[in-house]
2 protein chains.
Amino acid sequence: MTPETAPATRRRGEVLDEAIRSAVLDLVIDHGVAGVTMEAVASRAGTSKPVLYRRWDSRAALLRDTLVPLAMKAIPSTDTGSYRSDMLAILQGWADFFASPAGAIGPAIVGAMPHDPELAAAFRGGVIAWRKQAMAETLRRGIARGEVREDVPVDVARELGQALLWHRFLITGDPITRELIEEIVDDILVPFTAPRG
Amino acid sequence: MTPETAPATRRRGEVLDEAIRSAVLDLVIDHGVAGVTMEAVASRAGTSKPVLYRRWDSRAALLRDTLVPLAMKAIPSTDTGSYRSDMLAILQGWADFFASPAGAIGPAIVGAMPHDPELAAAFRGGVIAWRKQAMAETLRRGIARGEVREDVPVDVARELGQALLWHRFLITGDPITRELIEEIVDDILVPFTAPRG
DNA sequence: CAAATAGGAAACGCAAGCGTTTCTTGTATG
DNA sequence: CATACAAGAAACGCTTGCGTTTCCTATTTG
């Protein structure tokens with residue numbers, strides 16, 4: 001046990017940041033957003049409240065800075081070569097997110113937004129705006145390939161698939177299967193967006 | 001001020017029950033579900049905690065018994081004579097509910113269900129099951145009239161319209177307009193369910 | 001009318017959480 | 001090496017909320 005090999009007892013920088021983020025997610029999963037208190041996060045992350053308050057001036061800021069980036073990295077943005085296979089990949093990405101531990105942030109954010117305008121702005125202005133843009137891009141590529149009609153109502157078309165998945169995830173609790181995804185794409189999305197012949 | 005006309009100072013039965021229900025909804029609207037504490041409900045309803053505990057053994061039971069019936073009476077179940085006008089009425093009912101003060105219970109329930117299995121069972125087994133049944137009934141009537149194809153995939157068809165509305169209400173915050181409702185019915189639902197050929 | 005019920009006020013002891021302060025000391029930097 | 005920074009432990013005083021008890025008395029019931 002020489003001094004050179006004594007293990008570090010305190011964490012700094014990214015190591016500590018990751019421990020805090022991980023603690024927040026664990027608490028959301030276990031107890032919902034109400035379980036995310038400064039006391040609980042500090043305890044779970046093996047740190048102290050002054051450490052948290054040095055970074056965030058409030059619980060709301062901590063939640064916002066932790067939950068929103070998790071939602072941001074969930075979904076592939078990918079050009080697969082066809083509108084159909086783009087949509088299959090995107091909807092599968094959502095389904096995988098919902099099935100993952102991080103999916104717990106979905107209902108947490110939805111429940112919190114009505115009373116946290118900054119969280120709502122971050123989530124809708126960040127994550128959702130980005131997803132809308134990516135979906136519009138997907139439709140644009142489809143139009144360029146001649147797979148999607150030029151007068152497709154983009155506003156509705158870009159949300160139609162994920163709306164069904166969110167509905168099952170948040171509201172009805174019904175299963176989200178690969179078969180459902182293919183049905184949505186082949187029986188709803190493709191007919192709805194296809195050029196009219 | 002004769003004794004016969006002295007105003008009542010205590011409430012009983014339905015009058016008191018309604019005051020409690022109203023207090024819960026007010027608190028959800030103002031503070032979200034986290035604001036619904038036994039202290040706050042008692043104070044808001046102008047009653048006392050023993051009165052609440054005489055009725056419910058826990059905050060969770062009070063929430064469940066208050067929020068779920070509110071969701072239950074939101075939506076018309078109506079036979080208007082055609083599948084199209086049925087769907088217009090139903091989706092307008094959802095839109096009106098979301099725009100009403102009681103709409104606040106939507107995100108409240110969604111946020112709470114992952115950690116309250118009894119609430120989830122009440123909401124999904126009660127409200128949602130009832131809505132699914134009513135939607136299946138609507139499709140059946142459409143089939144009988146020849147407006148809806150006999151092989152319509154009921155599982156997806158019965159949730160498609162409201163999924164889009166819930167998505168806007170809970171996730172994106174985009175407006176829910178009469179034009180949107182008509183677009184959903186005329187451009188998505190009717191083509192998707194219509195007989196082929 | 002008398003008796004029973006339960007509404008409402010007030011209080012209780014306890015726990016959890018808040019935001020902050022003080023202190024020690026591990027770790028990074030120059 | 002010395003210095004600066006910040007991590008982590010511990011404690012603080014305060015607030016809110018919990019579930020419960022006691023008491024008084026309004027209201028209903030028989």
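Throughout, protein chains are lettered first and strands after them, A, B, ... in sequence-line order, and every chain is numbered starting at 1.
Between the CE atom of B/Met38 and the P atom of C/dA16 there is a distance of 19 Å, rounded to whole Å. The distance from atom CZ of A/Arg44 to atom P of D/dG8 is 17 Å, rounded to the nearest whole Å. In this structure, B/Leu62 places its CG atom 15 Å from P of D/dG17, rounding to the nearest Å. Rounding to whole angstrom units, CG of residue A/Asp17 and P of D/dG8 are separated by 11 Å. Separating the CG atom of B/Leu16 from the P atom of D/dT28 is a distance of 12 Å, rounded to the nearest angstrom. Atom-to-atom, CG of A/Leu52 to P of D/dA9 comes out at 12 Å; the value is rounded to the nearest Å. At whole-Å resolution of the value, CD in A/Glu39 and C1' in C/dG17 are 5 Å apart.
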Apply the test salt bridge (Lys or Arg N to Asp or Glu O under 4.0 Å) to residues B/Glu159 and A/Arg168: give CA-CA distance (whole Å), side-chain angles for both, the deciding distance (0.1 Å), then the verdict. CA-CA 9 Å; B/Glu159 70 181 307; A/Arg168 289 194 169 209; 2.7 Å; yes
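Ion pair A/Arg145/A/Asp79 flagged as a salt bridge, since at least one NZ, NE, NH1 or NH2 atom sits closer than 4.0 Å to an Asp/Glu carboxylate oxygen. Between A/Asp174 and B/Lys132 there is a salt bridge, since at least one side-chain N of the basic residue sits less than 4.0 Å from a carboxylate O of the acidic one.
For the OP1/OP2 pair of D/dG8 and a distance below 4.0 Å, the side-chain nitrogens and oxygens of A/Thr47 include at least one atom meeting the criterion. Checking the phosphate oxygens (OP1, OP2) of C/dA4, no side-chain nitrogen or oxygen of B/Arg12 falls inside 4.0 Å. Under 4.0 angstrom from either OP1 or OP2 of C/dG8 there lies at least one side-chain N or O belonging to B/Arg11.
Of the candidates D/dA7, C/dG7, D/dC18, C/dG7 carries the atom nearest the B/Arg10 side chain, counting heavy atoms from C-beta on.
Projected onto DNA chain D by closest heavy-atom contact, B/Ala40 and A/Val51 fall at different nucleotides, the more 5' of which corresponds to A/Val51. Between B/Arg54 and A/Pro50, the residue anchored nearer the 5' end of DNA chain C, judged by the nucleotide with its closest heavy atom, is B/Arg54. Both B/Lys49 and B/Thr9 lie close to DNA chain C; mapped to their nearest nucleotides by heavy-atom distance, the more 5′-ward contact belongs to B/Thr9.
Aromatic pair A/Phe98/A/Trp166: ring centres closer than 6.0 Å.
Checked by atom type and distance alone, the side chain of A/Arg21 never pairs as donor or acceptor with a backbone atom of A/Leu70 at under 3.5 Å.
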